[in-house]
*Asks:* 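The structure follows.
Just so you know, these numbers come straight off a predicted model, no measurement behind them.
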Amino acid sequence: MLMPAYHGVSLNADAPSMLDRFGRIADAAKISILILNALLSGVTLTMSFLVRLAREMPRSSYFNIEVPFAAAKPRTLTDAGGGTILAPSTERKPLQ
């Protein structure tokens with residue numbers, strides 16, 4: 001399971017940096033990875049970014065969505081990514 005590197009509120013990773021990092025880890029590990037999309041990371045992973053990640057890196061076809069209002073996001077992600085998205089999931093979080 002991977003999530004974006006977090007360096008503080010003002011030092012968010014950009015899409016090319018995250019693609020590079022996730023790709024290098026997946027290649028080195030030689031196994032499928034699950035990308036964690038969580039508020040805890042401090043980085044917003046958009047649906048378009050997650051679809052791009054799945055299309056460009058076949059080892060990253062699994063996603064765990066832990067953001068507010070996540071109920072529709074797995075279906076949106078699966079529809080947008082077609083066969084490249086194998087397992088989106090959500091974890092229920094209490095509203096605050």
Side-chain angles (χ1 to χ4, degrees):
M1 182 185 315
L2 295 174
M3 59 192 293
Y6 180 70
H7 304 290
V9 174
S10 62
L11 296 173
N12 289 333
D14 60 6
S17 298
M18 288 186 291
L19 285 168
D20 179 60
R21 177 176 179 264
F22 292 155
R24 285 187 290 125
I25 292 169
D27 288 344
K30 297 187 180 3
I31 60 172
S32 294
I33 57 173
L34 180 140
I35 304 298
L36 177 59
N37 183 15
L39 288 178
L40 179 64
S41 74
V43 178
T44 301
L45 299 178
T46 64
M47 290 297 114
S48 60
F49 175 79
L50 296 176
V51 169
R52 179 180 173 196
L53 187 63
R55 288 185 176 150
E56 293 181 16
M57 285 181 261
R59 287 194 179 109
S60 60
S61 299
Y62 299 92
F63 300 91
N64 191 12
I65 313 296
E66 296 182 10
V67 296
F69 310 105
K73 291 184 180 181
R75 180 63 169 193
T76 302
L77 184 58
T78 302
D79 289 347
T84 60
I85 309 294
L86 299 178
S89 65
T90 61
E91 180 177 313
R92 289 186 176 169
K93 298 284 184 183
L95 295 176
Q96 298 182 12

*Asks:* Minimum heavy-atom separation for Ala15 to Arg52, with atom names?
*Replies:*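 In this case the closest contact between Ala15 and Arg52 is CB-NH1, 4.5 Å.
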*Asks:* Rounded to the nearest 0.5 Å, what's the gap from CZ on Phe22 to CD1 on Ile35? Could you check?
*Replies:*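 Between atom CZ of Phe22 and atom CD1 of Ile35 there are 4.5 Å.
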*Asks:* In Å and rounded to the nearest 0.5 Å, what is the CG to CE distance from Asp20 to Met57?
*Replies:*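 These two atoms lie 8.5 Å from each other.
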*Asks:* State which residues pass side-chain hydrogen bond (donor to acceptor under 3.5 Å, both in side chains) with Ser32; sequence neighbours excluded, sorted by chain then number.
*Replies:*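 If we apply the side-chain hydrogen bond (donor to acceptor under 3.5 Å, both in side chains) test to Ser32, skipping adjacent residues, there are no hits.
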*Asks:* Within this structure, what is the CG-CG distance for the pair Asn64 and Leu2, rounded to the nearest 0.5 Å?
*Replies:*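 So the gap between those two atoms works out to 12.5 Å.
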*Asks:* Work out which heavy atom in Pro4 is nearest to a heavy atom in Leu45; give both atom names and the distance.
*Replies:*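 Smallest interatomic distance, heavy atoms only, reads CG-CD2, 3.8 Å.
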*Asks:* Could you work out, with salt bridge (charged side-chain N to carboxylate O under 4.0 Å, His left out) as the rule, every residue matching Asp14, not counting sequence neighbours?
*Replies:*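 With neighbours one apart ignored, the set is empty.
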*Asks:* If we only count heavy atoms from C-beta on, is the Ile65 to Leu50 side-chain gap below 4.5 Å?
*Replies:*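 The answer is yes; the side chains approach within 4.5 Å.
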*Asks:* Arg21: what forms a side-chain hydrogen bond (donor to acceptor under 3.5 Å, both in side chains) with it, not counting sequence neighbours?
*Replies:*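 By the side-chain hydrogen bond (donor to acceptor under 3.5 Å, both in side chains) rule, Arg21 matches no residue at all.
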*Asks:* Minimum heavy-atom separation for Ile31 and Arg59, please, with both atom names.
*Replies:*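 Heavy-atom minimum between the residues: O-CD, 3.3 Å.
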*Asks:* Flag the pair Met3 / Val43 as yes when at least one side-chain heavy-atom distance between them is below 4.5 Å, and no otherwise.
*Replies:*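 Sidechains of Val43 and Met3: no contact.
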